[in-house]
Number of protein chains: 2
Amino acid sequence: MSSQITLADIEGKLRKAGLRPTRQRLDLGMLLFRDGDRHVTAEILHAEALREGISVSLATVYNTLHQFTECGLLREVAIEGSKTYFDTNISDHHHFYFERDGKLIDIEGAEIALVDLPPVPEGMEITRVDVLIRLADKPKL
Amino acid sequence: MSSQITLADIEGKLRKAGLRPTRQRLDLGMLLFRDGDRHVTAEILHAEALREGISVSLATVYNTLHQFTECGLLREVAIEGSKTYFDTNISDHHHFYFERDGKLIDIEGAEIALVDLPPVPEGMEITRVDVLIRLADKPKL
DNA sequence: ATTTGTGCAAATCGTTTGCATCTGA
DNA sequence: TCAGATGCAAACGATTTGCACAAAT
């Protein structure tokens, strides 16, 4: 079920976003979007690209991830720690975070509701609400 | 209202946490805890210490912040971006995040409730739920 | 006396930038 | 043609580390 998505689809995405469909943007787009929801760092994506014989520099991977994010094709995920994670799922949703290995999984938006949100400070508006549910192994009793 | 807290209080905190009350831990503890809830980076705290004539190295500030965090005296806040923020409020609470200037303010725990939390994956337990409400200036219409 | 903490400078890690070269429209 | 992309290596900023010295128990 992985390759419903074609290069032409990616090209469409890029054009719609106002980005030139260059070789590396197409290839990276394929990696990112062909298998559904993913959470990647620049390093992970770069390694994956090299493994598949796609030739891109790390700098270009960084550029591409940021450009995709600006265009709304990706979302940056707030986790503490040094590395920046990008999420290919841009719908309104939250995350489970496995403290043991730093892995993330999606929680669809509908599954959590926030109630009693306090008043937003004067002149400000909410751009997004991030919820991170941190999980650890249940201790064996 | 700032100095209800004495060096002796800090010393008690440290001892209870199993940390030796050294000169720099006491001084940094004073800065962190005397004025109530704060959100600091290592750099901010270091600069503040120097300004007050406290002599500590940046490396020691980093060590101290991490040790305090391990002992539960501080909490690390998950924000994307390069710098690590530490929160002196360790109670169960959430944050408003001002995207413009990267500032944080606390939302007390009682003011938000989460409903319909999805089932936690097998063998895992929730250690914490972080909620970050991202704010931007309301555009002038 | 022994263990633990500290300071400094060098090392590391993730990320960004400058610039010469290439490529898609 | 030519603005926009890319690759590379050097630059960067935040954080960590190694090791000699100092302080706490």
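The figures here come from the full heavy-atom set of this structure, side chains too, leaving out hydrogens, waters and symmetry mates. Protein chains get the first letters and strands the later ones, always in sequence-line order, with residue 1 at the start of each.
Put simply, the side chain of B/Thr69 gets close to the backbone of B/Leu65: a donor and an acceptor are under 3.5 Å apart.
Side chains of A/Thr6 and A/Asp9: a donor on one and an acceptor on the other come within 3.5 Å. Between the side chains of B/Asp106 and B/His39, a donor-acceptor pair is found at a separation under 3.5 Å. With no hydrogens or angles considered, a side-chain donor-acceptor pair links A/Gln67 and A/Arg25 at under 3.5 Å.
Residue B/Arg23 places none of its side-chain N or O atoms closer than 4.0 Å to OP1 or OP2 of C/dG5. Close to C/dT6, at under 4.0 Å from its OP1 or OP2, lies a side-chain N or O of B/Thr22. The shortest distance between the side-chain N/O atoms of B/Ser82 and the OP1/OP2 oxygens of D/dT15 is not below 4.0 Å. Applying the 4.0 Å criterion to OP1 and OP2 of C/dC22, one finds that A/Arg20 has every side-chain N and O outside that range.
Heavy-atom nearest nucleotides on DNA chain D were determined for B/Pro21 and for B/Thr41, and the one closer to the 5' end corresponds to B/Thr41.
Comparing C/dT15, D/dT15, D/dA14 by their closest approach to the side chain of A/Ala42 singles out C/dT15.
Whole-Å rounding puts the B/Leu19 CG to C/dT3 C1' distance at 14 Å. With rounding to whole Å, B/Arg15 atom CZ is found 15 Å from C/dT4 atom P. What separates CG of A/Leu28 from C1' of D/dA5 is a distance of 13 Å, to the nearest Å. Between B/Leu50 atom CG and C/dC8 atom P there is a gap of 10 Å when expressed in whole angstrom units.
Near-neighbour residues of DNA chain C inside residues 55-71 of chain B, defined by a heavy atom below 4.0 Å, number-ordered: B/Ser55, B/Val56, B/Ser57, B/Ala59, B/Thr60.
The aromatic rings of B/Phe68 and B/Phe33 lie parallel to each other, with less than 30° between the two planes, well short of the 60° mark.
When each of A/Glu76, A/His93, A/Arg38 is paired with A/Asp87, the side chain to side chain contact (heavy atoms under 4.5 Å, CB included) condition holds for A/His93 and for no other.
Of all heavy-atom pairs between B/Val129 and B/His94, the closest is O-CE1, 3.1 Å.
As judged by a 4.0 angstrom heavy-atom cut-off over every strand, A/Arg25 is placed among residues touching the sugar-phosphate backbone only. Using a 4.0 Å heavy-atom criterion, one finds that B/Thr84 contacts the sugar-phosphate atoms exclusively.
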